[in-house]
Structure formats: C-alpha cells, structure tokens
A.B. asks: 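Below is one structure. I have some questions about it.
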Amino acid sequence: LAESTANVCGSGLREGTFLTRSQSTVCGGWWEASGSEKNTIDRCSCSSLPNATAEQRNLRRGCELFTAWGCTTGSPTLEYYPVKCP
C-alpha cells in the first residue's frame, strides 16, 4: 500500500487509527498473487495485528471476517436485497 495516499494509519494525521501503517497492510497485496494463491484466505495475515485494546481486537476481527470471505478479485459480484428496518 505504499502507493496509497489514503492510508493515514500511524501517520499522526489522524488520532485513534490504532494501527501502524505497516500493520494496516496485512491484506493489502492479496490480489497481486497468482494462481490459486490469489485470495484473501491464503494472503492475509490477521494474526500479526495487535490485540491489546478493544479497538485493536475489533480491527483484527474485521480482518478475520474479510479474510474468511475468500475474495479472489478486487471487484466481486455481490447479491443483495433490501430489508425493512425493524
């Protein structure tokens, strides 16, 4: 994610990012793999994220959820339908 100007983690530009710039890239290059390894399951390393605070644990859990989806493309096709709010 060296090319990303949107990544402000750990830069001091924003308070409360909870991760360093390096930590925020644990899933940043999964799409650059080739063949069968081009997926989030094989290419994300959520266990390397810190989990000392509640915020960090939430970020790690979000990483794990994203990884479990097993994305294989940067533009997946999703099916959805609107639901009424309770």
A.B. asks: Hydrophobic cluster membership, with links at side-chain heavy-atom distances under 4.5 Å among I/L/V/M/F/W/Y: are V26 and W30 in one?
C.D. replies: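 Result: no, two separate clusters.
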A.B. asks: List the residues meeting disulfide (SG to SG under 2.5 Å) with C71, not counting sequence neighbours, and say none if there are none.
C.D. replies: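 Per chain and number, C71 pairs via disulfide (SG to SG under 2.5 Å) with no residue.
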A.B. asks: Would you say the side-chain atoms of S24 pair up with the backbone N or O of C9, donor to acceptor, closer than 3.5 Å?
C.D. replies: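 Between the backbone of C9 and the side chain of S24 there is no qualifying donor-acceptor contact (under 3.5 Å).
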A.B. asks: Once side chain to side chain donor-acceptor pair (under 3.5 Å) is applied, do any residues pair with T20, and if so which ones, sequence neighbours excluded?
C.D. replies: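 Side chain to side chain donor-acceptor pair (under 3.5 Å) list for T20, sorted by chain: Q23.
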A.B. asks: Please report the closest heavy-atom contact between T67 and I41, naming both atoms and the distance.
C.D. replies: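 Of all heavy-atom pairs spanning T67 and I41, the closest is O-CG1, 3.2 Å.
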A.B. asks: Does F18 offer a backbone N or O that forms a donor-acceptor pair with the side chain of Q56 under 3.5 Å?
C.D. replies: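 Yes; judged by distance alone, with no hydrogens or angles, the pair exists.
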A.B. asks: Indicate yes or no for a side-chain donor-acceptor contact from R60 to the backbone of L49 under 3.5 Å, with no hydrogens or angles considered.
C.D. replies: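 Such a contact is found between R60 side chain and L49 backbone.
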A.B. asks: What residues, two or more places apart in sequence or in another chain, satisfy side chain to side chain donor-acceptor pair (under 3.5 Å) together with D42?
C.D. replies: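 With neighbours one apart ignored, the set is N39.
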A.B. asks: With salt bridge (Lys or Arg N to Asp or Glu O under 4.0 Å) as the rule and sequence neighbours excluded, what pairs involving residues 62-84 come up?
C.D. replies: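 Non-adjacent pairs meeting salt bridge (Lys or Arg N to Asp or Glu O under 4.0 Å): R61-E64.
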A.B. asks: So R57 and N51, do their side chains get closer than 4.5 Å, heavy atoms only?
C.D. replies: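 In contact.
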A.B. asks: Starting at CH2 of W69, measure out to OG1 of T40 and round the result to the nearest 0.5 Å.
C.D. replies: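 W69 atom CH2 to T40 atom OG1 measures 9.0 Å (nearest 0.5 Å).
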A.B. asks: According to the disulfide (SG to SG under 2.5 Å) rule, which pairs have a member within residues 10-58, sequence neighbours left out?
C.D. replies: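 Disulfide (SG to SG under 2.5 Å) check on residues 10-58 returns C27-C44, C46-C63.
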A.B. asks: What closest approach, in Å, do R43 and E37 show between heavy atoms, and which atom pair accounts for it?
C.D. replies: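 Where R43 meets E37 most closely, the heavy atoms are CG-O, 2.9 Å.
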A.B. asks: Who clusters with Y81? Use side-chain heavy atoms, under 4.5 angstrom, across I, L, V, M, F, W and Y, and order the result by chain and number.
C.D. replies: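 Via sub-4.5 Å side-chain contacts, Y81 links to V83.
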